[in-house]
Amino acid sequence: ELRTTSGGDTRVSLLLTAWTLALVDEDMANAERALLMTWADGLDLRPAQVVWVRNTSQQHVLEEALERMHTWGGHDSYARGQLYALAERLGMTRPEAEEAEAAFQRRSAENDH
């Protein structure tokens with residue numbers, strides 16, 4: 001059935017939505033990852049598209065946590081440790097989490113001006 005879905009961006013959007021929903025609980029279980037990869041295969045997506053979907057979903061969920069962290073004024077070493085633990089549960093590497101945090105801070109600084 002997945003292969004009957006409209007091609008192109010529609011298929012990418014479907015996987016992006018599913019991947020983000022899988023991360024809403026801030027944890028990526030192995031069974032969830034396996035199912036998402038099965039769907040990616042069923043949607044006939046290229047590996048680069050799947051990587052983009054995964055990265056975009058992870059960054060979105062991590063940025064939501066960053067938003068909460070900054071709203072509550074918690075940008076200390078404890079909050080950063082919590083953030084990196086979340087990133088690990090999402091399947092992100094520490095450098096990926098650090099880059100997402102830096103990008104968030106740049107956007108926040110730009111919005112403050």
Side-chain angles (χ1 to χ4, degrees):
E1 279 187 42
L2 293 170
R3 292 190 197 275
T4 64
T5 304
S6 299
D9 290 341
T10 300
R11 291 179 181 203
V12 172
S13 294
L14 284 171
L15 186 62
L16 180 62
T17 301
W19 208 296
T20 303
L21 287 171
L23 293 177
V24 166
D25 65 354
E26 298 183 348
D27 191 23
M28 175 59 83
N30 289 333
E32 291 173 316
R33 184 178 293 109
L35 182 58
L36 290 166
M37 295 307 293
T38 298
W39 290 354
D41 184 53
L43 290 167
D44 202 26
L45 296 178
R46 295 185 315 276
Q49 290 172 303
V50 177
V51 168
W52 181 87
V53 164
R54 183 198 69 213
N55 291 345
T56 301
S57 298
Q58 290 169 329
Q59 288 175 4
H60 173 75
V61 173
L62 194 67
E63 285 186 12
E64 290 293 316
L66 278 161
E67 194 68 49
R68 289 190 308 271
M69 185 174 86
H70 283 273
T71 298
W72 292 99
H75 195 74
D76 56 10
S77 61
Y78 175 78
R80 183 167 279 123
Q82 294 293 95
L83 181 73
Y84 293 151
L86 168 60
E88 185 177 327
R89 290 192 310 273
L90 297 176
M92 297 176 80
T93 65
R94 176 90 178 236
E96 289 172 330
E98 290 170 347
E99 177 53 37
E101 180 184 18
F104 176 83
Q105 289 174 344
R106 284 190 299 272
R107 280 192 307 280
S108 294
E110 290 171 3
N111 291 337
D112 289 343
H113 290 85

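Just so it is clear, the model here is predicted, and its values are computed rather than measured. Here, residue 1 is the first one in the sequence, and each next residue gets the next number.
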Using the side chain to side chain contact (heavy atoms under 4.5 Å, CB included) definition, which of the options T20, L16, L90 pairs with H60? T20
Check whether any side-chain heavy atom of L86 sits under 4.5 Å from a side-chain heavy atom of R89, and report yes or no. yes
So, applying salt bridge (charged side-chain N to carboxylate O under 4.0 Å, His left out) with E101, which one of R94, R107, R80 is it? R80
Please identify each residue that fulfils side-chain hydrogen bond (donor to acceptor under 3.5 Å, both in side chains) with N30, with sequence neighbours left out. R33
Looking only at heavy atoms, what is the nearest atom pair of A97 and L62, with distance? CA-CD2, 4.0 Å
Linking I/L/V/M/F/W/Y whenever their side-chain heavy atoms sit closer than 4.5 Å, directly or via other members, would V24 and M92 fall into one cluster? no
Is the shortest side-chain heavy-atom distance between Q59 and E99 below 4.5 Å? no
Can you get from W52 to M37 by hopping between Ile, Leu, Val, Met, Phe, Trp and Tyr side chains that sit under 4.5 Å apart? yes
Counterpart residues, salt bridge (charged side-chain N to carboxylate O under 4.0 Å, His left out), relative to E88 (two or more places apart): none
Over all atoms of both residues, closest heavy-atom pair of D27 and D25: O-OD1, 2.8 Å
Search all heavy atoms of A65 against all heavy atoms of L83 and return the closest pair with its distance. CB-CD1, 4.3 Å
Could you go step by step and tell me if W39 and L14 meet the side-chain contact (heavy atoms from CB on, under 4.5 Å) rule? CA-CA 9 Å; W39 290 354; L14 284 171; over 6 Å; no
Side-chain heavy atoms under 4.5 angstrom apart, residues restricted to Ile, Leu, Val, Met, Phe, Trp, Tyr: same cluster for L35 and V50? yes
Pair E110 + R106, salt bridge at N-O below 4.0 Å: no
If the condition is ring pair (Phe, Tyr, Trp, His ring centres under 6.0 Å), which residues does F104 pass it with, not counting sequence neighbours? H70
Using side-chain contact (heavy atoms from CB on, under 4.5 Å), reason through M28 and L36 one step at a time and then give a plain yes or no. CA-CA 11 Å; M28 175 59 83; L36 290 166; 3.6 Å; yes
